[in-house]
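Some notes on the structure that comes next.
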Amino acid sequence: MTDAPASPTSTKQHGGGVAGPKPEWLKIRAPGGAKYVALKAQLRERGLHTVCEEAHCPNVEECWSGGTATLMLLGDTCTRGCRFCAVKTARKPAPPDLDEPRKSAESVKLMELEYVVLTSVDRDDQPDGGAAHFAATVRAVREASPHTLVEVLIPDFRGDPVALARLLASRPDVVAQNLETVERLTHPVRDPRAGYRQTLELLARVKRLAPGTFTKSSLMLGLGEQQDEVRTALRDLRAAGAEFVTLGQYLRPTPEHLPVQRYVTPAEFEAWRVEAESMGFLVAASGPLVRSSYRAGEFAIRAVLQRRTA
């Protein structure tokens with residue numbers, strides 16, 4: 001899918017600062033395989049949501065067929081309003097489903113997942129941001145599927161170290177919090193309550209509180225970032241201790257969201273992968289359709305975790 005490696009470069013933006021039609025490498029067929037349809041029905045029966053569906057991920061069928069999936073906890077309504085995200089928002093979402101940890105664990109076992117990502121909407125209405133709910137779900141998955149590797153892609157918990165420690169006590173294999181974009185574009189891309197430095201501090205705090213836990217983050221490209229800004233963001237993530245990173249193309253979910261400034265070529269993404277690995281990232285998954293939870297990246301992360309166990 002990628003061309004020969006090349007140095008990441010900037011190209012002129014189209015249409016007064018907005019990218020033109022989608023290039024061929026971003027055109028994919030809608031998911032509809034038999035296993036995908038069956039698993040989706042089973043999740044709906046249990047009232048569970050996956051970020052794979054809510055975020056319109058282009059890789060959902062590939063991931064579900066390959067033993068990985070991302071479950072979204074704490075409902076499907078977020079208290080924040082990031083301008084890149086398709087998840088619906090409200091100031092006071094419905095209360096969390098207290099039986100969700102058990103149902104999530106049941107679904108992980110049912111789907112025979114080898115690697116599960118547990119993520120959530122932001123729940124600033126909850127005293128701990130949902131940290132205890134995350135921890136209960138990790139424990140339930142461990143009990144139901146002892147061999148499943150567990151990544152948690154978490155909110156920032158408003159920078160609360162007590163909430164983070166509560167989550168870490170459940171011993172997830174990987175803790176992720178997405179930087180999303182370069183520092184200059186953090187606002188307006190992310191909600192005003194999120195922060196570039198707050199994400200970096202959270203990742204660094206994980207290393208201080210649980211040194212054996214791997215950390216991960218993600219960047220979207222195509223929002224108007226400059227080459228040196230991407231490089232700085234990658235270096236900042238490494239300085240915070242992150243071992244895993246993903247880079248993917250930002251795709252506008254609706255006309256109300258931020259426009260795509262340009263489409264980054266497969267060759268550029270490959271070059272960013274090479275550069276990220278040269279900085280010391282153990283796994284760098286980079287490509288137009290790569291998302292923060294991505295089967296190819298999770299397969300590589302799984303290999304790292306299994307080597308450590310061995």
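Treat the numbers as computed from the prediction; the structure is a model and nothing was measured.
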Can you sort out the partners of [X] under side-chain contact (heavy atoms from CB on, under 4.5 Å), two or more places apart, ordered by chain and number?
| X | answer |
| --- | --- |
| Arg139 | Ala135, Ala169, Ser170 |
| Asp236 | Tyr196, Arg197, Leu200, Thr232 |
| Arg102 | Asp99, Glu106 |

So, [X] and [Y], do they make that salt bridge, N to O below 4.0 Å?
| X | Y | answer |
| --- | --- | --- |
| Lys103 | Glu100 | no |
| Arg208 | Glu201 | yes |
| Asp156 | Arg80 | yes |
| Arg91 | Asp125 | no |
| Glu268 | Arg262 | yes |
| Arg142 | Asp173 | yes |

**Report entry** Residues forming a ring pair (Phe, Tyr, Trp, His ring centres under 6.0 Å) with Phe134, sequence neighbours excluded
**Finding:**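 Scan of Phe134 (ring pair (Phe, Tyr, Trp, His ring centres under 6.0 Å), adjacent residues dropped) gives none.
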Query - ring pair (Phe, Tyr, Trp, His ring centres under 6.0 Å) partners for Phe157, two or more places apart - result: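 Ring pair (Phe, Tyr, Trp, His ring centres under 6.0 Å) check on Phe157 returns nothing, list empty.
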Query raised in the report: Going through the distances and angles, do Thr215 and Glu243 end up as a side-chain contact (heavy atoms from CB on, under 4.5 Å)?
Result: CA-CA 6 Å; Thr215 54; Glu243 294 97 347; 3.4 Å; yes
Query raised in the report: Which residue pairs pass the ring-ring contact (aromatic ring centres under 6.0 Å, His included) test when at least one of the two sits in residues 204-235, sequence neighbours left out?
Result: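 Every ring-ring contact (aromatic ring centres under 6.0 Å, His included) pair that includes a residue of residues 204-235, provided the two are not neighbours, is Phe214-Phe244.
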Query raised in the report: Does some side-chain heavy atom of Thr213 sit less than 4.5 Å from a side-chain heavy atom of Val174?
Result: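 No - every pair of side-chain heavy atoms lies 4.5 Å or more apart.
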Requested in this report: Would you sort out whether Tyr115 and Glu151 count as a side-chain hydrogen bond (donor to acceptor under 3.5 Å, both in side chains), showing the intermediate values?
Outcome: CA-CA 8 Å; Tyr115 193 108; Glu151 173 184 325; 2.6 Å; yes
**Report entry** Flag if over 12 foreign heavy atoms under 6.0 Å of CZ, Arg184
**Finding:**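 Atom CZ in Arg184 is crowded, with more than 12 foreign heavy atoms closer than 6.0 Å.
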Query - Derivation of the side-chain contact (heavy atoms from CB on, under 4.5 Å) call for Lys88 and Asp76 - result: CA-CA 7 Å; Lys88 60 186 177 183; Asp76 63 351; 3.4 Å; yes
